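Heads up: the structure comes next, in structure tokens.
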Amino acid sequence: MRLSRYFLPTLKENPAEAQIPSHRLMLRAGMVRQTAAGIYAWLPLGLAVLRKIEAIVRDEQRRAGAIELLMPTLQSADLWRQSGRYDAYGPEMLRIKDRHERDMLFGPTNEEMITEIFKGAVKSYRDLPRNLFHIQWKFRDEIRPRFGVMRGREFLMKDGYSFDIDVEGARRAYRKMFVAYLRSFERMGLKAIPMAADTGPIGGDMSHEFIILAETGESAVFCHRDLVDMPVPGDDLDYEGDLTPVIDARTTLYAATDEKHDAARFAAEVPADKQLSARGIEVGHIFFFGTKYSEAMGCVIAGSDGKEVPAQMGSYGIGVSRLVGAIIEASHDEAGIVWPEAVAPFRVGLINLKSGDAETDAACEDLYAKLAALGIDTLYDDTDERAGAKFSNMDLIGLPWQLVVGPRGLKSGTVELKNRASGERVELSPEAALAKIAS
RNA sequence: CGGGGCGUAGCGCAGCCUGGUAGCGCAUCUGCUUUGGGAGCAGAGGGUCGCAAGUUCGAAUCUUGCCGCCCCGACCA
């Protein structure tokens, strides 16, 4: 993409309303614009990141055997009356009337709808297990939206729902998602720590929040330090194999958010030098809730004995739009964002230090074409801004590689390659620079 | 919802106390000079001062009501 034809409205100064780094940087880097409290328009650069995250989530869900569908944002109130949640949900649910005065709502989540869809289609244990997910915009009328996309009212969420004939099956489904979540966050360059979460009336050990550590996190967290860098299963992982060792390794070490924190247990179980108290951002939440919805909505399945039982269900959420902010919180410096490669909106920023200079232009065009041929997403700054402004802007938007081309280097046949994360700069021949980027 | 704060040009702000018809920096446009880490000079354009009512000869400024936004708290992907 040529910057001269792109839409990238960056800001030199910090907008007054933005308090935390991710919010500030997303506004300054031209990723989002706020249109109302907690509601954001995603500009091209922000959308590019959102799509990258979405793609990783989708890929890992598929690997774990989940099937994608897409449910609507608007739902009928009747559906929610069946589960009893229409009254229970409270003012956080945005209620709407259509022209016929029918009660509608903008979905804050989809348990009712997926259960309704599922029960009409599946009657036999032979068709289980199934895990269905979608990635769709949600609306929750938060009391206090804040921190940009981290706590918006409208947000993009991956929500998945598993259906099993019995509790043991549901446990397997839960373990798959547990591991899929570890892999998803790992691929985004995040260190996510699963922490026991409140299971409500169901009880048991089947609810975890996935927390990433960041100073500006909304909740205080306490855990064993070894959890931070614990290795995550690689691509050779077999989801049909035994996943319990992966999970046990994490659940046996202490990890809790402040609601579940037990200071005495923390002190007793975790050696002093391993005690980590920090702040965290919740980026995912998995939950087993048994027959809560299947019973209320009549989603019954015939077992091998011919008896009908309500499906055992779980739900699995990832805050996709929140992750954009969370990744920035975890990865930025004074100059701007530092994107992990996997979610960067472009892999390379090609900087033409002297647009209009025939040799420099030609060298840039050549590199730009070669990068495209290699399938490498490149943002080519072909504008006639001054060098300093181009450097600052490129640092701000945080692309992993900056390829700097100017007359001075070209004289000796070199370009400069800068790694945004390490700050390391090397002078290389154009070919060597391409090879390094492609590797 | 309770507490605090803010709303003046695209962004950041001053002016308000003590009413007299709007200003600064950045950005934008034109020209010249510059050009490897957010240039300099000269000129130009851009504002329903959040909205409404009131007080007044006169309101960005005073009064009242409303709207919007931000921060702190209780809740959440």
Side-chain angles (χ1 to χ4, degrees), chain A residues 9-20 23-24 27-28 30 33-39 53 57 89-93 107-110 133 135-160 181 185 192 197-198 208-212 217-219 257-259 280-287 315-326 334-336 351-357 360 381 383-396 402 404-411 414-416 418 423 425 427:
Chain A
T10 55
L11 304 173
K12 203 164 159 181
E13 289 176 87
N14 285 323
E17 76 264 21
Q19 301 297 317
I20 64 167
H23 190 197
R24 262 198 319 264
L27 291 169
R28 285 194 54 205
R33 285 290 180 271
Q34 183 173 132
T35 61
I39 302 180
I53 293 171
V57 169
Y89 214 93
E92 213 175 276
M93 183 155 74
T109 179
N110 283 63
F133 76 99
I135 299 174
Q136 178 63 292
W137 293 93
K138 302 291 186 291
F139 193 94
R140 292 183 192 172
D141 204 351
E142 293 284 342
I143 297 170
R144 180 151 97 84
R146 65 186 123 167
F147 301 152
V149 301
M150 301 271 278
R151 176 164 298 289
R153 291 194 294 170
E154 190 184 55
F155 58 96
L156 188 62
M157 179 164 100
K158 188 288 292 189
D159 45 321
Y181 275 36
F185 299 129
D198 210 348
H208 286 88
E209 294 178 7
F210 288 75
I211 302 277
I212 65 160
E218 286 193 88
S219 39
T257 59
D258 49 0
E259 303 95 59
I281 301 166
E282 182 185 355
V283 290
H285 195 162
I286 59 177
F287 204 95
S315 74
Y316 314 91
I318 292 181
V320 175
S321 50
R322 170 180 286 182
L323 273 165
V324 180
E334 283 301 298
I351 299 180
N352 184 333
L353 286 179
K354 197 167 185 181
S355 292
D357 174 74
T360 313
D381 188 345
T383 65
D384 51 14
E385 273 291 342
R386 303 170 60 79
K390 291 189 176 190
F391 288 132
S392 297
N393 242 320
M394 210 50 96
D395 283 348
L396 173 64
Q402 294 174 15
V404 183
V405 181
R408 211 165 73 190
L410 287 177
K411 256 180 214 154
T414 63
V415 295
E416 183 181 289
K418 174 177 164 180
R425 288 188 271 188
E427 303 242 325

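So that the names make sense, note that chain A is the first sequence line, chain B the second, and so on, each numbered from 1. Given the structure is predicted, the values throughout are model-derived calculations rather than measurements.
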How many whole angstroms separate atom [atom1] of [X] from atom [atom2] of [N]?
X: A:Arg151; N: B:rC72; atom1: CZ; atom2: P; result: 12 Å
X: A:Asp159; N: B:rC76; atom1: CG; atom2: C1'; result: 15 Å
X: A:Glu17; N: B:rC69; atom1: CD; atom2: C1'; result: 8 Å
X: A:Tyr181; N: B:rA77; atom1: OH; atom2: P; result: 11 Å
X: A:Glu92; N: B:rC75; atom1: CD; atom2: P; result: 12 Å
X: A:Asp395; N: B:rG36; atom1: CG; atom2: C1'; result: 13 Å
X: A:Lys138; N: B:rC76; atom1: NZ; atom2: C1'; result: 14 Å
X: A:Asp258; N: B:rG73; atom1: CG; atom2: C1'; result: 14 Å

Verify the stacking flag for A:Phe391 against B:rG38: centroid separation must be under 5.5 angstrom and the ring planes must differ by under 30 degrees.
-> no

Whole-Å [atom1] distance, [N] and [M]:
N: B:rG10; M: B:rC29; atom1: P; result: 15 Å
N: B:rG2; M: B:rA9; atom1: C1'; result: 36 Å
N: B:rC49; M: B:rA42; atom1: C1'; result: 30 Å

Got a sec: does the CG of A:Asp258 have more than 12 other heavy atoms crowding it under 6.0 Å?
-> yes

Between [options], which nucleotide gets closest to the side-chain atoms of [X]?
X: A:Arg425; options: B:rG12, B:rG37, B:rC71; value: B:rG37
X: A:Leu396; options: B:rC69, B:rA74, B:rG38; value: B:rG38
X: A:Glu142; options: B:rG12, B:rC76, B:rA74; value: B:rC76
X: A:Ala37; options: B:rC72, B:rG38, B:rC70; value: B:rC70

Strand contacts (RNA chain B) in residues 317-326 of chain A, 4.0 angstrom heavy-atom criterion =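 RNA chain B contact set from residues 317-326 of chain A: A:Ile318, A:Gly319, A:Arg322.
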
What is the base-pairing partner of [N], counting Watson-Crick and G-U wobble geometry with both distances under 3.5 Å?
N: B:rU63; value: B:rA53
N: B:rC24; value: B:rG12
N: B:rA77; value: none
N: B:rC17; value: none
N: B:rG2; value: B:rC72
N: B:rA42; value: B:rU30

Does the pair [X]/[Y] count as a salt bridge with the N-to-O cut at 4.0 Å?
X: A:Arg146; Y: A:Glu218; answer: yes
X: A:Lys418; Y: A:Asp395; answer: yes
X: A:Lys138; Y: A:Asp159; answer: yes

Checking only heavy atoms, does the side chain of A:Arg33 share a donor-acceptor pair with the base of B:rG10 at less than 3.5 Å?
-> no

Footprint string (nucleotides 24-35 of chain B, 5' to 3'): B base within contact, S backbone only, - free, heavy atoms under 4.0 Å | -BSS------B-

Under 4.0 Å between a side-chain N or O of A:Gln34 and OP1 or OP2 of B:rG68?
-> no

Does B:rA74 have OP1 or OP2 sitting under 4.0 Å from an N or O in the side chain of A:Arg144?
->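 Indeed not, no polar side-chain atom of A:Arg144 lies that close.
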
State the CZ-OG distance between A:Arg386 and A:Ser355, to the nearest 0.5 angstrom.
-> 13.0 Å

For residues A:Leu323 and A:Phe185, determine if any side-chain heavy atom of one lies less than 4.5 Å from a side-chain heavy atom of the other.
-> yes

